[in-house]
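Here's the structure, in structure tokens; my notes come after.
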2 protein chains.
Amino acid sequence: MVTIKQVAQEAGVSKSTVSRYISQNGYVGKEAQEKIEKTIKKLKFVPNLSARSLKTKRNQLVGLLLPDISNPFFPMLAKGVEEFLQEKGYRVMLGNIGEDEALEEDYLKVLVQTNAAGVITTHDFSEKFPDIDLPMVIVDRVGHKSNYGVFSNNEEGGKLAAKIVVEAGGKNIAVVSGPVTAININNRFKASVDFLETTNVHYQKFYSNSYNFEDIQVEANKLLNEFQEVDTIIAPSDIHGIAFIHEILARGKKIPEDIQVIGYDDILISQFVYPALSTIHQSAYKMGEEAAKLIYEIDNEQHIEKKRIELPIHYVERETLRKRKEH
Amino acid sequence: MVTIKQVAQEAGVSKSTVSRYISQNGYVGKEAQEKIEKTIKKLKFVPNLSARSLKTKRNQLVGLLLPDISNPFFPMLAKGVEEFLQEKGYRVMLGNIGEDEALEEDYLKVLVQTNAAGVITTHDFSEKFPDIDLPMVIVDRVGHKSNYGVFSNNEEGGKLAAKIVVEAGGKNIAVVSGPVTAININNRFKASVDFLETTNVHYQKFYSNSYNFEDIQVEANKLLNEFQEVDTIIAPSDIHGIAFIHEILARGKKIPEDIQVIGYDDILISQFVYPALSTIHQSAYKMGEEAAKLIYEIDNEQHIEKKRIELPIHYVERETLRKRKEH
DNA sequence: TTGAAAGCGCTAACAT
DNA sequence: ATGTTAGCGCTTTCAA
């Protein structure tokens, strides 16, 4: 391993000068610069980050703690985080923690052990682990108490889904809520229901507790059996939407003629399926990007305009909703 | 920040004893153990990993370099890597490097800078960056020259796809190859073609250069126009398979009655779509897990039975292929 | 503009 | 079974 000392000797300068050069911090003369640059290349020197971090108590590393990386929403979020931070010279440590709090604590510990710049997570741990001192930004599932957060406008999204579906002529609507751990899903569910209350359209509430296909399949069949007249389904996520499509078509019904479906998220695959899923778009990528930006700004003590960032949502028309009347 | 020194003082022992205790390396008496344990809890001490890594020149960190985390195959692989390593007390650093070699080099540098235990990647960099000294295991896209690798039996998979499709009565088969950068996809494409050559079934080759929906859509329409009699499509991936389903159904054809489709990968969503995609299963999770295990074994100088691990594939019957004749 | 020196928090050889 | 000591590779005052 080549060290700063060897570079210094070879270049005929002191360690400090080399240090100033590589961390671009302090004066270093033109001549020295050139010599150092040359020998760094020659010796293929790369500074040891552990040593640097030990000394400076900083580390350009941020943790990304996700409930389930195999849920298509989160890889896109991860991509947003990674691409922003990579650009700034930071790295991301990935933790797939499910709902396991012990695991979460392990990861948080490691992050403080390494002087990480911060953590991006879907779960606010500040009450559970108040001793952990680490800049934190919550993404997606942001409650009212969280200081830093990035989330999309779930109230607006839930309302919009209901509104659009009514405009498309839904008369017997099933509103489906997702797993209860996710506050964002509950918020939009409530917003949909609230909107429906202001109309004279008939609706029924249903609950899903899983992202697993077999589970959703069972739930979907229950819904379809219990609510025979259903002509519209508001799904809590695109995954659910796609599974509902499957069950509806399997029963020989037509989409959107017999039953229309609206999803939520606009994951990549939604455009691929048939019929392509009409859905409320929220940008997981942007969410990750904004969260990463916040961490970056905190770490560099920059002025932060907004600690809680609400992202817009919009409707994406595809093939699972009937045409809306103009108005 | 609480240090080992403070713990030592508070517990009335020396730094070394505390060090021995926390790294479970060397003797420490029963009494001392108890005192140390107590004060660690009391002071909420967590050892500084930068300092440890600086001293030991080791770091329980492994890099995971992926071409595109938003492609559903890779999150599952990442999950396999993460869950195995997390269990062993290692962490994973995620890099989404696309096909960008400069970015790849940056990540590799950081990994050596931090004394990482190794790197799991889809791209063998040993020829491009021969100076980088880092245990490496290649996943998925494993060439003949790579030392450590985990991959599935693409030849068998390609052959199996073709065989099954013929058994299901395919008479006019379109074999589609995926993006050329992926050696695995090319291998199974070739295997499919080779098998088809041994039959007297008519087939045509097609090429896809993208995982993007609009692109595949264009390619699919070209295929469907150029090869009017097509009754079977062998897709290079499930993503492609799902997109093909979309285009076929959009043309008012029936699946599998008019045209049958077989995918490759068995990504999560394939069971959700309608009709559910029949496909060749390969386990991205297992692939990640085995790769992580290899890195772990290398890092701990354990005996390694097989440096190149070939994973089995199997056919998953769902709804996009016609029933095969018994035989 | 540069160098000397101290020290970050930890481990490990050695001595006791 | 435990303590002393040196030092990992870097940064950062401080003095020159």
Side-chain angles (χ1 to χ4, degrees), chain A residues 1-37 39-40 43-61 89 109-117 133, chain B residues 1-40 43-61 89 109-117 133 299:
Chain A
M1 172 180 241
V2 184
T3 72
I4 209 175
K5 194 175 163 189
Q6 294 169 43
V7 175
Q9 277 172 350
E10 179 89 16
V13 296
S14 75
K15 286 196 306 176
S16 342
T17 308
V18 178
S19 173
R20 273 183 232 113
Y21 177 83
I22 59 173
S23 48
Q24 316 178 49
N25 166 4
Y27 297 103
V28 32
K30 209 160 185 95
E31 247 183 280
Q33 273 188 44
E34 285 166 15
K35 279 188 294 182
I36 292 171
E37 191 184 343
T39 52
I40 283 181
L43 265 39
K44 299 187 207 299
F45 165 74
V46 280
N48 182 309
L49 293 184
S50 302
R52 177 178 288 170
S53 167
L54 174 59
K55 184 67 190 170
T56 61
K57 302 196 176 329
R58 298 188 59 191
N59 195 346
Q60 315 229 51
L61 173 72
K109 261 190 191 159
V110 169
L111 257 8
V112 333
Q113 284 177 314
T114 40
N115 305 314
D133 179 30
Chain B
M1 172 180 244
V2 184
T3 74
I4 209 174
K5 195 174 163 190
Q6 294 169 44
V7 175
Q9 278 172 351
E10 179 88 17
V13 294
S14 77
K15 287 198 304 175
S16 349
T17 309
V18 179
S19 174
R20 273 181 232 115
Y21 176 84
I22 59 173
S23 50
Q24 314 177 51
N25 167 4
Y27 298 102
V28 31
K30 211 163 184 94
E31 247 183 282
Q33 274 188 44
E34 284 165 14
K35 278 188 293 183
I36 293 170
E37 191 183 343
K38 221 174 278 178
T39 52
I40 283 181
L43 266 38
K44 298 187 206 300
F45 165 75
V46 279
N48 182 309
L49 293 183
S50 302
R52 178 179 287 168
S53 167
L54 174 59
K55 183 67 189 171
T56 61
K57 301 194 176 331
R58 298 188 58 192
N59 195 346
Q60 315 228 50
L61 173 72
K109 261 190 190 157
V110 169
L111 257 9
V112 334
Q113 284 176 313
T114 39
N115 305 313
D133 179 30
D299 195 48

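Residue numbers start from 1 in every chain, and the chains themselves are labelled A, B, ... in the order their sequence lines are given, proteins ahead of strands.
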Using a 3.5 Å distance criterion without hydrogens, assess whether the side chain of [X] forms a donor-acceptor pair with backbone atoms of [Y].
X        : Y        : value
B/Thr17  : B/Val13  : no
B/Gln33  : B/Val28  : yes
A/Thr114 : A/Val110 : yes

Describe the nucleic acid contact of [X] in one word from base, sugar-phosphate, nothing, applying a heavy-atom distance below 4.0 Å.
X       : result
A/Thr56 : sugar-phosphate
B/Tyr21 : nothing
A/Leu49 : nothing

key: Distance-only polar pair, side chains of A/Ser53 and A/Ser50, donor-acceptor under 3.5 Å   = no
Output the rounded distance in Å from [atom1] ([X]) to [atom2] ([N]).
X        : N      : atom1 : atom2 : value
A/Leu54  : C/dC8  : CG    : P     : 9 Å
B/Asn115 : C/dT11 : CG    : C1'   : 14 Å
B/Met1   : C/dC10 : CE    : C1'   : 11 Å
B/Gln24  : C/dC10 : CD    : C1'   : 16 Å
A/Lys5   : C/dA4  : NZ    : C1'   : 14 Å

message = Under 4.0 Å from a heavy atom of chain A: give me the 5'-most and 3'-most nucleotides of DNA chain D that qualify.
response = D/dG9 to D/dT12
query = Which residues pass the side chain to side chain contact (heavy atoms under 4.5 Å, CB included) test with B/Val2, sequence neighbours left out?
reply = B/Gln6, B/Val7, B/Leu43, B/Phe45
ask   = Checking side chain to side chain contact (heavy atoms under 4.5 Å, CB included) for the pair A/Glu10/A/Thr39: CA distance, chi angles, key distance, verdict?
value = CA-CA 7 Å; A/Glu10 179 89 16; A/Thr39 52; 3.5 Å; yes
Candidate pair A/Asn48 and A/Met1, rule side chain to side chain contact (heavy atoms under 4.5 Å, CB included), full reasoning = CA-CA 9 Å; A/Asn48 182 309; A/Met1 172 180 241; 3.3 Å; yes
key: Nearest heavy-atom neighbours spanning A/Lys57 and A/Asn115   = O-CB, 3.7 Å
query = For the residue pair B/Ile22 and B/Pro47, what are the closest heavy atoms and their distance?
reply = CD1-CB, 3.9 Å
inquiry  = Looking at C/dA6, I'd like to know if its phosphate oxygens (OP1 or OP2) sit under 4.0 Å from a side-chain N or O belonging to A/Lys55.
reply    = no
With the criterion being N/O to N/O and under 3.5 Å, what pairs connect the protein with nucleotides 1-3 of chain C, and how long is each?
| from | atom 1 | to | atom 2 | distance (Å) |
| --- | --- | --- | --- | --- |
| C/dT1 | O3' | A/Gly29 | N | 3.4 |
| C/dT2 | OP2 | A/Gly29 | N | 2.1 |
| C/dG3 | OP2 | A/Ser14 | N | 2.8 |
| C/dG3 | OP2 | A/Ser14 | OG | 3.0 |
| C/dG3 | OP2 | A/Thr17 | OG1 | 2.6 |
| C/dG3 | N7 | A/Arg20 | NH2 | 2.7 |
| C/dG3 | O6 | A/Arg20 | NH2 | 2.8 |

